[in-house]
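Written out below as C-alpha cells is the structure these notes cover.
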Amino acid sequence: MALKAVNGGDIPFEKSTVSGPAGPKPRPMVSARNIIVYGTLFVAAVYYLIPLYVMVVTSLKGMPEIRLGNIFAPPMEITFEPWVKAWATACTGLNCDGLSRGFWNSVRITVPSVVVSIAIASVNGYALANWRFKGSEFFFSVLIIGAFIPYQVMIYPIVIILREIGIYGSLTGLIIVHSIFGMPILTLLFRNYFVSLPEELFKAARVDGAGFWQIFLQIMLPMSLPIFVVAMILQVTGIWNDFLFGVVFTRPDTYPMTVQLNNIVNSVQGVKEYNVNMAATILTGLVPLVVYFVSGRLFVRGIAAGAVKG
Amino acid sequence: MTGQAKAGRPFKLFRNLNSKIASIPMILTAMVIFLGGTIWTVVYSFTNSKLLPRLNFVGIEQYQRLWAAPRWVVSIENLAIYGILSLIFSLVIGFMLAALMDQKIRFENTFRTIFLYPFALSFIVTGLVWQWILNPEFGVQAVVRSLGWTSFSFDPLYTSEIVIYGVLIAALWQGTGLVMCLMLAGLRGIDEDIWKASRVDGIPMWRTYLFVIIPMMRPVFITTLVIIASGIVKVYDLVVAQTSGGPGIASEVPAKYVYDYMFQAQNLGQGFAASTMMLVTVAIIIIPWAYLEFGGGRKRG
C-alpha cells in the first residue's frame, strides 16, 4: 500500500536513535524510528480491518465454497445470492421476509427517536443555560447521575409505566424510551454549548422583548447547527445499534434490525448459512458505518463531546 | 435570570414559567424514571415477586438465593475478569496507538478511521463477526491447521475456561478506537514546550511519557476510565450475540442474568436483586470518582 512508498524498504542511511531530538533538522522519511512507528500502526490496522474483510468475503461466497475453504480465502465465484436472501427471505421466528422488515422498523424507530430526543434535549439545555429556575440544577444533576445507572435497574418500572399508558410493545413506547435515555448526554451537550454562546446576544434579545421560545427559535437555533449535527450523529448510531431496549420494548413484528439479526444468526434450527449471516451482519452495520464514513471528523468530535461527561 | 421581577407576581411558581414548562420532560425523566425507577427496583428486590411485582417483603432472601446461584457467581467472576482485563488492555492499547498517532505521522486520518470504525458498529454485529472468526471449523484455528500445524488449538468460544477471553478479544476490537481517540485528544492538549524541555534534558521518550505526560493527562485517563467501566457493567449484547452465555453458563454476565430472570424465567424478585447488585457495583466505581473529581474543591482541568 501507500506505506511502502514512505518506508521504501531501504535500509536507513543514518543511524537515528528512536528517542533522538528532532529539533529544527528535517526528519528523514526512512529511519528506524519511522519503520517502528509505521510498522506497528500498519500491523494494528490489519487487525482492525480483518473482521470487515472476513465479513465481506464470506458474504460473497456460496455455501459449498465456505465448507471447503477457510474464512480468509477470497471468493472464487462471487455471488450476491446471500445478500438477497439476507435482505428478503431469511427467517426469524415466524416471519420469513428477511431483514427488510427489521430495517424499516429500525428506520421507523430511529428517525422519530432522534428528532424527539434532540428536540427535548436542546430545549432542556437552553433552559438550563439561560433560564435557570430554583431546582433546575438539581434535576440536571439527577439526570447526569442517572446516566451511570445500569439500564437494567430502570427497565422494569418503565415496562409498567408503558403498560399502564397502553403503549408497551409499540414503536411509540420505544421512541419514548430512547428519548429518555438519550437525555442526559444530549442535555449536557446542549447546555454546555448554549452556555458558551455570548450572553450579550441573549440580553439584547431580552431587552427587545423577546420571550423564552422566541429567543430559542430565532437566536439560539440558527447558531447551533454544529452541535445539532454532532447530537444527530451520536443518536443515529446509538439508537440504530441498540439491542437491549429493542428486545425488551418491542414485539416480534416490530423488532428493530439488531434484534432480528441476532435471531437470524443464532437460530438453532436448520443448517447454518454463514454467508447469509455475514451478509445480514453487514447490512445491519451499514447505516452506522455510512454515517461514520460520511461524517468523519464530526463523528470523532461527537464521541469526544459525548464522552466528556461530568 | 433568577431573582429578577420579584415584585408584582402572584406566585413564585409562575416565575420563569415557560422554562419550567419546557423542563417538564427533563424533570419527569430525572425524578420518575431515574430516581423513582431505581428506588422502585431496590424496594421490590426485597420481595418475593414472581410473575408480577408484589409487595410481599421477604428480607434479604432474594440476595441469599442470588449469591447461592452458581450462574450468578460465574457471572460475577466473568465480569471481574472481563472488566479488569478490558480496562487494562484498552487503556494500554489505546494509549500506545494514540502515542504512535501523535508522532506527526502521515495518513493520520486513514489510521484513525481504521481504528475507530468498529466503534460505529453495534455489539451485536461485533459479536457475530468474532463468533465467525473464532469458529474452530472455519476460522483462525482451521487456517493455522491448514498451514501444517495440525495440533494447533484455538477455540475460545467453545471452551468453558477461556470463553470470556474470546468475548474480550471482540470487545477490545470494538472499543479501543474510542480510547485511542480520547487519549489522542489528551496528548494534543499537552504543551509542545514540555517535549522540548524533556529533549533538552536528554530524558528518553518512554520516560517522558511515563513520568511526565501520563500524570499530566490524569483528567483524560479518569474520564476514559469511567466511560469504560460503566460500559463494562452493562455488557450484554456482545455476550448474547457471541456466545449466548455458553458453553453452558461459562460466559454469563450479570446484565444477562437480570434480563433472563425478569423477562424469561418470570422471577422478578431475582431480577430486581441482581440489578440492584449491578447498581451497587456502579456506585462503588462512581462514588470514589465523583469524590476525587468534585469533592476536593479542585476544578477539573
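Labels below follow one simple rule: chain letters A, B, ... track the order of the sequence lines, proteins then strands, and each chain is numbered from 1.
- The shortest distance between side-chain heavy atoms of B/Phe34 and A/Ile180 falls below 4.5 Å.
- Scanning both residues, A/Val123 and B/Ala22, for their nearest heavy atoms gives CG1-CB, 3.3 Å.
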Quiz item: Passes ring-ring contact (aromatic ring centres under 6.0 Å, His included), A/Tyr48 versus B/Tyr117? Steps please.
Solution: CA-CA 9 Å; A/Tyr48 283 95; B/Tyr117 88 89; 7.8 Å; no

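- Taking B/Thr113, B/Val258, B/Ile286, B/Leu97 one by one and counting their heavy-atom pairs under 4.5 Å with chain A, the maximum is reached by B/Thr113.
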Practice problem: Start with the C-alpha distance between A/Tyr274 and B/Phe138, add both sets of side-chain angles, then the distance that settles ring-ring contact (aromatic ring centres under 6.0 Å, His included), and finish with yes or no. | Solution: CA-CA 10 Å; A/Tyr274 299 106; B/Phe138 305 99; 5.1 Å; yes

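- Using a 4.5 Å cut-off between heavy atoms, A/Ser141 does not touch chain B at all.
- Closest of all the heavy-atom pairs between A/Asn241 and B/Ala120 is ND2-O, 2.7 Å.
- If you measure heavy-atom distances from A/Tyr292 to chain B, the contacts under 4.5 Å come from the side chain alone.
- Counting only heavy atoms from C-beta outward, the side chains of A/Tyr38 and B/Gln103 never approach each other to under 4.5 Å.
- Nearest approach of A/Val153 to B/Thr41, heavy atoms of both residues: O-OG1, 2.5 Å.
- Among the candidates A/Asn70, A/Val142, A/Asn124, the residue making the largest number of heavy-atom pairs closer than 4.5 Å to chain B is A/Asn124.
- In terms of heavy-atom pairs under 4.5 angstrom with chain B, the leader among A/Thr284, A/Ile120, A/Ile66 is A/Ile66.
- Top candidate by heavy-atom pairs under 4.5 Å with chain A, chosen from B/Val233, B/Ile24, B/Thr176, is B/Thr176.
- Using a 4.5 Å cut-off between heavy atoms, A/Leu49 contacts chain B through both its backbone and its side chain.
- For the pair B/Trp132/A/Thr281, no side-chain contact is recorded, criterion being any heavy-atom separation below 4.5 Å from C-beta on.
- The shortest side-chain heavy-atom distance between A/Val248 and B/Met262 does not fall under the 4.5 Å cut-off.
- Atom CD of residue B/Gln242 and atom CG of residue A/Asn266 lie 10.0 Å apart, to the nearest 0.5 angstrom.
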